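Throughout, a chain's letter reflects where its sequence line sits, starting with A, and its residues are numbered from 1. These numbers come from a predicted model, not from an experiment.
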Amino acid sequence: MARRITFMQAINEALAQEMERDETVVVFGEDNAGGAGAPGEDDAWGGVMGVTKGLYGKYPGRVLDTPISESAFVGAAAGAAASGLRPVAELMFVDFFGVCMDQIYNQAAKFRYMFGGKAVTPMVIRTMFGAGIRAAAQHSQSLYPIFTHIPGLKVVVPSNPYDAKGLMIASIRDDDPVIFFENKVLYSVEGDVPEESYEIPLGEAEYVREGDDVTIVAIGRMVSMAEQAADALEDEGVECEIVDPRTTSPLDEEAIYESVENTGRLVVVDESNPRCSLASDIAALVAQNCFDHLKAAPRMVTAPHTPPPFSPALEDLYVPDPERVAAAVRETLGTSDRARA
Amino acid sequence: MARRITFMQAINEALAQEMERDETVVVFGEDNAGGAGAPGEDDAWGGVMGVTKGLYGKYPGRVLDTPISESAFVGAAAGAAASGLRPVAELMFVDFFGVCMDQIYNQAAKFRYMFGGKAVTPMVIRTMFGAGIRAAAQHSQSLYPIFTHIPGLKVVVPSNPYDAKGLMIASIRDDDPVIFFENKVLYSVEGDVPEESYEIPLGEAEYVREGDDVTIVAIGRMVSMAEQAADALEDEGVECEIVDPRTTSPLDEEAIYESVENTGRLVVVDESNPRCSLASDIAALVAQNCFDHLKAAPRMVTAPHTPPPFSPALEDLYVPDPERVAAAVRETLGTSDRARA
Amino acid sequence: MTEVASPQELSKEDLLDAYRTMRTIREFEERLHTEFATGEIPGFVHLYAGEEAIATGVISHLGADDYVASTHRGHGHAIAKGCDVKGMMKEIYGKAEGLCHGKGGSMHIADLDKGMLGANGIVGGGPPLVCGAGLSAKVRGTNQVAVSFTGDGGSNQGTTLESMNLASVWNLPVVFVIENNGYAEATSTNFSVKGIDIAKRADGFGIPGVTVDGHDFFAVHEAAGEAIRRAREGGGPSLIECKVNRYFGHFEGDAQTYRAENEVENLRCEKDCLDNFRRRVASAGLIDEGELDRIDEEVKQLINEAVEEAKAAPDPKADDLLTDVYVSY
Amino acid sequence: MTEVASPQELSKEDLLDAYRTMRTIREFEERLHTEFATGEIPGFVHLYAGEEAIATGVISHLGADDYVASTHRGHGHAIAKGCDVKGMMKEIYGKAEGLCHGKGGSMHIADLDKGMLGANGIVGGGPPLVCGAGLSAKVRGTNQVAVSFTGDGGSNQGTTLESMNLASVWNLPVVFVIENNGYAEATSTNFSVKGIDIAKRADGFGIPGVTVDGHDFFAVHEAAGEAIRRAREGGGPSLIECKVNRYFGHFEGDAQTYRAENEVENLRCEKDCLDNFRRRVASAGLIDEGELDRIDEEVKQLINEAVEEAKAAPDPKADDLLTDVYVSY
Ligand SMILES: Cc1ncc(C[n+]2csc(CCOP(=O)(O)OP(=O)(O)O)c2C)c(N)n1
Ligand SMILES: Cc1ncc(C[n+]2csc(CCOP(=O)(O)OP(=O)(O)O)c2C)c(N)n1
Ligand SMILES: [Mg+2]
Ligand SMILES: [Mg+2]
């Protein structure tokens, strides 16, 4: 039975249900219980934003606080996964990948290949990303392009509570290492989510909205930007199709190509920086594989090539917004003032 | 006066000339002298491949060995650059970025922006990349797309000894943090290199070869693959234009667009993995900005979405080769057997 | 803990300066706490109140051209290092005239002209940087010193541990100050460093390490004096662990249910560094309490102005979004 | 250094097994040294010769379901952990029937069925992994133990230092073995850890640390026995530093001009772990030297076959390039 719960609650519920179902699932990270060794409550925090709240009480030996040692505990997730557990480790902000990337990309992601197919490394790294809460340059990045680049990793970027739950359950059950990107601005967004457990397969895009004029591919929080743009464009008589890949690796290329083959136009909306981005990845794939169907240049809407700024006045300009998405759509339709970027 | 010297000697000479010219230039990294504390020669190694050989003898206080602590010494480069030196730190293999990325991308690359334009961080990170020496999954990656993604960094990928020297000198003199990618297979390649000091500006592509039929953008070692392909294609009457961006950030977009506007066809050759790659970056930019000039789908030639394999039999299939480049060119010309990938 | 040092060793002027610095930090932080509650301050704000004796005791030994690398809890270090308080406040409000033109905010306050290498949003981000500043001093042949501040939590970060070793190996003029305030976010030091003295870690890297009472300006001042002198004289790096407490939550908004009941109230009564300082200088007959009260008033006034001006200051302009990424590109 | 332990504490069978393991490693490495010179072996090869007593002394306490994480210099650990020697040789030659089907090579030899979590091309890559294996044992309630091997150079990597602390904090059944062979590539331990005992670092993380003679199988065996027993019984992690030497260059092809003249020759004469072992068991009257000679012969035969078979074995096929990246994709 579905109720309205938040994105955060959806993830929490997925974790709880998987911990209940499978006792090899363990959860750890900084303050994931949130009070280890302290005189007050042992589980005071349940994660810096409260995503793991309540799990410690239910599964005490399987929810662990860690020292601030991301290499050690992310690597511990890799080692645990290779030796019989299904760990869910939290890299609090993806911005911190720089202190522990080796264990993610050279160890976990490569075990299977390096070892000739003998390793199975079923681990999930949960991580927060995205701008919008005035957290400045080191706590607001998106960075999924970097992880998408890495063979051996799966990369999940849910856009709504329903998907968050189903994708988290699928990620935990998946036998490959998965990095699960949680947009911090989405945490408080509500949606209909079934109480029962369900999986959304990794690698299946969702058609969020159907339309014949232009395909908008958007990920994470950008889906709602695309939806707002589509609403505005509808008033101008433009029907947008919105495709949410949900996972960037594997990428459901076919779903994107199918849409573009129908619409002939592509806008990709990506919260990350522009160079070697997901936007460029998808635009290039479409250009290479759907060229004959394209009626106009594909357009990329991304953050600029700058770190995220602190000031609200600047940060609000940093993240792609519905206006920029709509403007890009109009450019593909030749209805914009500026013919070329 | 130009002589033939190797790519490695060209870099060594650039370092020596800059150390001579400017006493704030310091060089450090694991075994960069190569014998610290040991009973034999103090500068036994001069870097694991010998790139820094001889510098220690000439500039003893300014060539330092380090413990195996990449975060500490790469961060030290950032701190030194922000306080009056021009350090050249060596990250032996770029594959090791996972243990020290934070100091590169959250510190050095962001100082200037976070601090409101007040910081100047003139540092160079030299690093080896690329497959071809049977060094397997953790010593053969290319990874420049990851660095290209990061605002605040400049990314240099020379393809020949002449460029290597001029770009290294420009990188050392540059006031922004630069990561300098040295393809290990190129080290022994010889070319004409002037003895005197000279700079090649960062952000200026080179037209390696002119032609009207198709534009091949290639970087690093891939330039020679493109040249070999172009030689073969010439026999088929196909004239390839080869553009070597030389730096991926800044990227000389104009040089690429100009070529594509003339040829109408694009093949990008990139030694990295395909997703969110430099190939996708350039293909997408061209698709977005030169759409009306494109006569055919742009084609990307990259390594596959797998880690680098060890076995020579597999590694030789891993790296893009002239045959694959030529096949992609033929596809853009519609002269290939397979019409679509 | 080292022996308690005495106020008599400082000049009256130094004592007044130290008091003013500590009071400025305290007032700055207490006021931010109040203002944050109104919702007008954006982002994450980590307050230094309770720990003033550390920043002040250490940095009072440094000149303008010495270097400091700080943490996410950086206001105290910035104030002690001489950053403009009004510029800091504007920065925290995200304004164009802020110390970093609104691009950095609380977690990235920096002023390279003042030797302040920046607050840091990355735990363990600072120690490698001071190795670089120390190397720079060494290569350029100056006698500058570089000091990093790191929390108990940050002392578990590999970057911090590596840096102690690198500084030791390169024999750098660096001091690593560990601010052990008992918690890393909600996690106790008892858990994350097994309750042992963090100063012990110095032994493993061949550098001196001491533990001092971080509430006691004089104890910090003495230990820091020794370490900084050693560094300046070419004697290499050292580590100072300061045991201390923070008065507010990890960041503003933290309900702090991990703490003991009345933990902070008791600390404020028993361990306050400003009270302690007042008591010590008064009982030694060195300074009249009235003089200190006057400083309190002046500081209050300054912070008042800083907040008023910050609130009234203009936002950055749209064009500012794209500037300051590179020197040239 | 701990007191020299005695051979009498081991059964004859254990002694013969230990000797066979050490000899197999030695023969494997000496032969690789010769074969590498012919140019037929691809890539980087780091030889373990000289250090056999460590892998053997430690791993002889482990069962098949205990875990080991190794380094770039991993052949010895793999052999001691029971990896198939012929499969290893084929792997090093890059052949399809290699232990990792030719995809890993010398630096990535692994066999999860044998508890061998892999050699590792990243210095400091292994210690975090054993924290995970230790956690797994703890959560699943087994009494498995996980051991990482790390060099002196690797003891300066933040990942290694963090892992000691994490294992301490989580009280994991883990042993960190530091193989201090005096060099990290060309850089001396005197420089990179200031010549101090690496075992000292254990103190800073609240775990026991000892230094033993890594040429002495019995000393290693005793120290490892104690640490592994403690780990199995829930007593938490410990560190064992083994002082040792390597006989060959950092990797094959290294001219080793950083070493003293006759350094290796002298070591081979004075410190050889196999000679030492032979002398000890013979003088204690425990094993007849003839039995050991027979083992030498058998091992020589095995390695001969391994090399011949590896050379003759087929390469991977083109299709193999794209397999084994994911379980499903
Ligand atoms: C690399 C990294 N990991 C985690 C965090 C999140 N974080 C910010 S502050 C903090 C606690 C720091 O504790 P401590 O070092 O003791 O400093 P304190 O806050 O007590 O001053 C954590 C975990 C971070 N900013 N960077
Ligand atoms: C993170 C990382 N940095 C550097 C290297 C290059 N490297 C490989 S082995 C080695 C020396 C290792 O020394 P030590 O840990 O003492 O092991 P030993 O080779 O002596 O067995 C270095 C620097 C690496 N592989 N990984
Ligand atoms: Mg703390
Ligand atoms: Mg060594």
Say you draw a straight line from [atom1] of [X] to [atom2] of [Y]; how long is it, rounded to the nearest 0.5 Å?
{"X": "C:Leu166", "Y": "B:Leu64", "atom1": "CG", "atom2": "CG", "value": "9.0 Å"}
{"X": "B:Phe115", "Y": "C:Met116", "atom1": "CZ", "atom2": "CE", "value": "8.0 Å"}
{"X": "B:Thr24", "Y": "C:Arg140", "atom1": "OG1", "atom2": "CZ", "value": "9.0 Å"}

Inset, instruction - Look only at the side chain of C:Ser136 and the backbone of B:Ser83, and say whether a donor-acceptor pair between them is shorter than 3.5 Å. - result: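 Yes: the side chain of C:Ser136 pairs with the backbone of B:Ser83.
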Inset, instruction - Give, as side chain, backbone, both or neither, the part of C:Leu112 having an atom under 4.5 angstrom from any heavy atom of chain B. - result: side chain
Legend entry - Heavy-atom proximity to chain B below 4.5 Å, by part of C:Leu161: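 Contact with chain B is absent: no heavy atom of C:Leu161 under 4.5 Å.
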Please determine, among [options], the option with the most heavy-atom pairs under 4.5 Å with chain B.
{"options": "C:Thr159, C:Val169, C:Val139", "value": "C:Val139"}
{"options": "C:Cys100, C:Gly158, C:Ser163, C:Ala146", "value": "C:Cys100"}
{"options": "C:Asp65, C:Leu135, C:Ile122", "value": "C:Ile122"}
{"options": "C:Asp111, C:Leu99, C:Leu129", "value": "C:Leu129"}
{"options": "C:Gln144, C:Glu91, C:Lys103", "value": "C:Lys103"}

Under a 4.5 Å heavy-atom cutoff, which of [options] has the most pairs with chain C?
{"options": "B:Gly117, B:Ser71, B:Gly61", "result": "B:Ser71"}
{"options": "B:Val74, B:Thr247, B:Ile68, B:Leu153", "result": "B:Leu153"}
{"options": "B:Gly116, B:Pro151, B:Cys100, B:Ala81", "result": "B:Gly116"}

Legend entry - Proximity breakdown for B:Asp175 and chain C, heavy-atom pairs closer than 4.5 Å: both
Legend entry - Heavy-atom neighbours of B:Glu23 CD exceed 12 at 6.0 Å: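 No, CD of B:Glu23 has 12 or fewer neighbouring heavy atoms, counting only those of other groups under 6.0 Å.
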Inset, instruction - Can you tell me which residue pairs pass the salt bridge (Lys or Arg N to Asp or Glu O under 4.0 Å) test with a partner in residues 108-128 of chain B, sequence neighbours excluded? - result: B:Glu90-B:Arg126, B:Arg126-B:Glu182
Inset, instruction - Specify the closest pair of heavy atoms between C:Leu117 and B:Ala82, including all atoms of both residues, with the distance to one decimal. - result: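 Where C:Leu117 meets B:Ala82 most closely, the heavy atoms are CD2-CB, 4.4 Å.
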Inset, instruction - Please report the shortest heavy-atom distance between C:Pro128 and B:Gln103, naming the atom on each side. - result: CG-NE2, 3.3 Å
Legend entry - Pairwise side-chain contact, B:Thr66 with C:Trp170, heavy-atom cut-off 4.5 Å (strictly under):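 They are in contact (side-chain heavy atoms under 4.5 Å apart), so the answer is yes.
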Inset, instruction - Please list, in residue-number order, every residue in residues 313-329 of chain C that has a heavy atom less than 4.5 Å from any heavy atom of chain B; write 'none' if there are none. - result: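 Against chain B, the residues of residues 313-329 of chain C that fall inside the cut-off (heavy atoms, under 4.5 Å) are C:Asp320, C:Leu321, C:Thr323, C:Asp324, C:Val325, C:Tyr326, C:Val327, C:Ser328, C:Tyr329.
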